[in-house]
Amino acid sequence: MAIPDHKIEELRDVADIVDVVNDHVRLKRSGSRYKGLCPFHDEKTPSFSVDPDKNLYYCFGCQRGGDVFKFVQEIEGVGFLESVRMLADHFGVPLPEDEVNPDAANDREAIFHALRWAARWYYNQLTDSNGGYRALEYLHDRGFLDRTIARFGLGWAPDRWDGLLSAAEDEQIDEEILHRAGLIIERKDGSGYYDRYRGRVIFPILSHVGKVLGFAGRILDADANQPKYINSPETEVYRKKKVLFGLSQAKTSIREKDTVAVVEGYTDVISMHQNGIPNVVASCGTALTEDHLSIISRYCGQVQFLFDSDSSGVDAALKGADTALAHGFEVGIALLPSGEDPDTFIQSSGVESFKSYIEDNISEILEFRVEKAKREGDMDNPVRKRKAIQDLLESLANIEDPILRDDFVKDAAEQLDVYDAKLRRALDDVIDERESRRRREERRKERRQAQNSVSTGRRNDDRFGSSTDERSEQPPAHRDEDRGGESSLSSENANVAGNGGGQNPPIPEEKVLLRLMLEHGTPMVEFILGNMSLGEFTEGPARDMVEVFIDMYGNDAVKPSRITDGEFGDELQNLAASVMVDKYTPSENWRQRQNITVPRFNQEPYEAGASAMTLLKLDRVDDAITRQKEKMFEASRSGGDENVGELQKEMMQLYEMRKRIKRREFLDWE
């Protein structure tokens, strides 16, 4: 049968939505509510609100909202049934298995159910059977207490080919689900399956909310023919780069201390947790990734790497530290004594000695790199010193805050005994080169997308016209069919406004639009020329380049490199070069003129394009209004009252058009 309503209401009463959302968003109290950055869309200013009194959430940016069950469904990508199960596990609400209707569960929920069952089965094999005695003795010898074993759900996989498989059959869990959960392996001859974990201590790998995602199995006896650890393969629910071992148990402490310690091993996490250092996690058989750090950023702003002192430990610590710097974390590194890891250190010397050692040896990234270079003699060799400084600059380039980065440069110059101005110039070169690589990669990506895209609906002449199409005589925003028959900018005025008085250079907003099309290719050509007419561009090189883009798009071959390579003549090649290297930033001027801010090209290209199009259209309409005033003055002076009345009507239409442009009604995407 389905979960009874009274159970759902019981869970609704105890499920604190602030606690649940805090696992995904760093919330700050604002009056009686909490605010944070929305987890469902990218934003820089918090618009996500949680009301603990009503147990509801809502985002004023993307308009998504609901109760605690809806939040879990959306953030975890599960159905209602699994959201109930997850919240019940999280808040300790009993939910007997026989209250779940297996037929109602989808495949993903069935996988979670199989993993949850397997974790309990492994734990029972360790604690409730004679077969697990040896494994339990091993864990006790490692210093793990029974309460720690229970808290982390450690288990034992019997040394049998079908131990779990047979037990799952008794529970009527389908073999296909077990296989998709990574619990069993298909035989090479296709005759069936066998257990993945046999004769190993089991470490369940949980999500941040305590859901079982996978397992790691450690062999008891050293055996050259078998790996020390076997980890779950990646599955539909388990992605190593998005999971941190121990986070479910550590998240509260991490949030309280605003610091997380990152270690290399599962036993290191468990040992530190048991000994009063619970704010600790480990990656699951992979280097620390950007996804890991995005998760950590929900809970704290400081990361400490406590790694082995061998070469692989040093490399892993430095790589992780650089990635953390790029995410805005305050970073510290402490290498353990040779041959030690946190678990062995605590066992041999005690937790207080361990804490003292970390406190005395933790270094921020700059100090760590400089001391490492000095310790290894790099400062005594000009070539190696240059390499050490270059490595340091690569690290500092990850710091986005320019003020903080400048402080690091000053400290580095003092420690390295070099001029800070020289170091700063070298750092600027590193940053510029990274930006150049990023832009080159973006252009390559855009070219690949242009080659693979098939946008048939936007290739017709009703989207882009040739230079003689009537659409090139007026902006798409002013089409009569789009405005309920309202009069649009006349062809004459549009052309006069667009001419700009002959072979003139492009104005600033045109430079923005041309640069965006040159940098982003097909997507931006579609966006800009789907909302601009050819006649709105200044006659001369700017309009000529737009015509080239129209022709290339019509032939399904938008390749901006053909322009920069000079295929369409020196004039357009020179224009492309000047636009691409032009450092002019018109935002402040445009803000003063029209109260319109244009974002930087690499931040919001579509918003930059929309702002530039708005300004260009306003320029053209203002030109038309000026010309209309001249006509009215001439008509009034010559006594043509009837003409004046007609011209006044057209003037009112132009002013109305100007309002519509400022409201961006011409944009298809808004």
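Counting begins at 1 with the first residue of the sequence.
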Got a second to check how far [X]'s [atom1] is from [Y]'s [atom2], nearest 0.5 Å?
X      : Y      : atom1 : atom2 : value
Arg405 : Asp428 : CZ    : CG    : 7.5 Å
Leu318 : Lys372 : CG    : NZ    : 6.0 Å
Ser30  : Arg33  : OG    : CZ    : 9.0 Å
Ile270 : Met272 : CD1   : CE    : 12.5 Å
Leu183 : Tyr122 : CG    : OH    : 5.5 Å
Leu139 : Arg218 : CG    : CZ    : 9.5 Å

Which heavy atom of [X] sits nearest to which heavy atom of [Y], and what is that distance?
X      : Y      : value
Asp258 : Cys300 : OD1-CA, 3.1 Å
Gly521 : Pro560 : CA-CG, 4.0 Å
Leu366 : Asp411 : CD2-CB, 3.5 Å
Val25  : Gly36  : CG1-CA, 4.0 Å
Ala324 : Val331 : CB-CG2, 3.7 Å
Pro39  : Ile75  : CB-CD1, 3.7 Å

*Could you label the plane-to-plane angle of the Tyr357 and Phe345 rings as parallel, tilted or perpendicular, counting under 30° as parallel and over 60° as perpendicular?*
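Taking Phe345 first and then Tyr357, their aromatic rings sit tilted (interplane angle of 30° to 60°).
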*Phe305 vs Phe307 aromatic rings, parallel, tilted or perpendicular, using cut-offs 30° and 60°?*
perpendicular
[X] (side chain) donor-acceptor with [Y] (main chain) under 3.5 angstrom:
X      : Y      : result
Asn55  : Ile17  : yes
Ser207 : Lys211 : yes
Arg255 : Arg298 : no
Glu376 : Asp378 : no
His292 : Val243 : yes
Ser47  : Cys59  : no
Arg26  : Leu37  : no
Ser395 : Asp322 : no
Asp19  : Ala15  : no
Asp268 : Asp343 : yes

*Indicate yes or no: does Asp429 engage Arg425 in a salt bridge with an N to O separation below 4.0 Å.*
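Between Arg425 and Asp429 there is no salt bridge, as every charged N stays at least 4.0 Å from the carboxylate O atoms.
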*Is the shortest distance from a Lys or Arg side-chain nitrogen in Glu290 or Lys241 to a carboxylate oxygen in the other one below 4.0 Å?*
no
Assess whether atom [atom1] of [X] is packed by more than 12 heavy atoms of other residues, nucleotides or ligands within 6.0 Å.
X      : atom1 : answer
Asp53  : CG    : yes
Lys240 : NZ    : yes
Arg147 : CZ    : no

*Identify which one of Ile362, Asp310, Asp308, Val314 satisfies the side-chain contact (heavy atoms from CB on, under 4.5 Å) criterion when paired with Leu335.*
Val314
*Would you mind telling me which of Asp432, Leu392, Leu396 makes a side-chain contact (heavy atoms from CB on, under 4.5 Å) with Leu427?*
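For Leu427, the side-chain contact (heavy atoms from CB on, under 4.5 Å) test succeeds with only one of Asp432, Leu392, Leu396, which is Leu396.
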Does some side-chain heavy atom of [Y] sit less than 4.5 Å from a side-chain heavy atom of [X]?
X      : Y      : result
Glu359 : Lys355 : no
Tyr123 : Ile149 : yes
Val260 : Val303 : yes
Glu43  : Cys62  : no
Leu115 : Phe215 : yes
Ile8   : Phe80  : yes
Met86  : Glu82  : yes
Arg12  : Phe69  : yes

*For the ring pair Phe527 and His520, is the centre-to-centre distance below 6.0 Å?*
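No: the rings miss the under 6.0 Å criterion.
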*Between Tyr266 and Phe152, ring centroids under 6.0 Å*: no
*Determine, stepwise, if the pair Ile205 / Val212 fulfils side-chain contact (heavy atoms from CB on, under 4.5 Å).*
CA-CA 6 Å; Ile205 298 171; Val212 183; over 6 Å; no
_One pair to check against side-chain contact (heavy atoms from CB on, under 4.5 Å): Phe40 and Glu74. What are the steps and the verdict?_
CA-CA 9 Å; Phe40 303 119; Glu74 294 208 342; 3.8 Å; yes
*Could you give me the CA-CA distance, side-chain angles and deciding distance for Tyr34 and Tyr57, then say whether side-chain contact (heavy atoms from CB on, under 4.5 Å) is met?*
CA-CA 9 Å; Tyr34 292 82; Tyr57 72 94; over 6 Å; no
*Take Leu87 and Val72 through the test side-chain contact (heavy atoms from CB on, under 4.5 Å) and record every step on the way to the result.*
CA-CA 8 Å; Leu87 288 170; Val72 173; 3.8 Å; yes
*For Tyr197 and Ser232, does a side-chain donor sit closer than 3.5 Å to a side-chain acceptor?*
yes
*If we ignore angles and hydrogens, is there a donor and acceptor under 3.5 Å between the side chains of Thr289 and Asp291?*
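Checked: Thr289/Asp291 side chains show no N/O donor-acceptor pair below 3.5 Å.
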Compile the donor-acceptor pairs under 3.5 Å between side chains in residues 244-251 and protein atoms, sequence neighbours left out, one pair per line.
| from | atom 1 | to | atom 2 | distance (Å) |
| --- | --- | --- | --- | --- |
| Lys251 | NZ | Asp23 | OD1 | 3.1 |
| Lys251 | NZ | Asp23 | OD2 | 2.9 |
| Lys251 | NZ | His208 | O | 2.7 |

_Checking Ser297 now: which residues fulfil side chain to side chain contact (heavy atoms under 4.5 Å, CB included) with it, not counting sequence neighbours?_
Phe329
*Just jot down the side chain to side chain contact (heavy atoms under 4.5 Å, CB included) partners of Thr344, sequence neighbours excluded, or say none.*
Glu340, Asp341
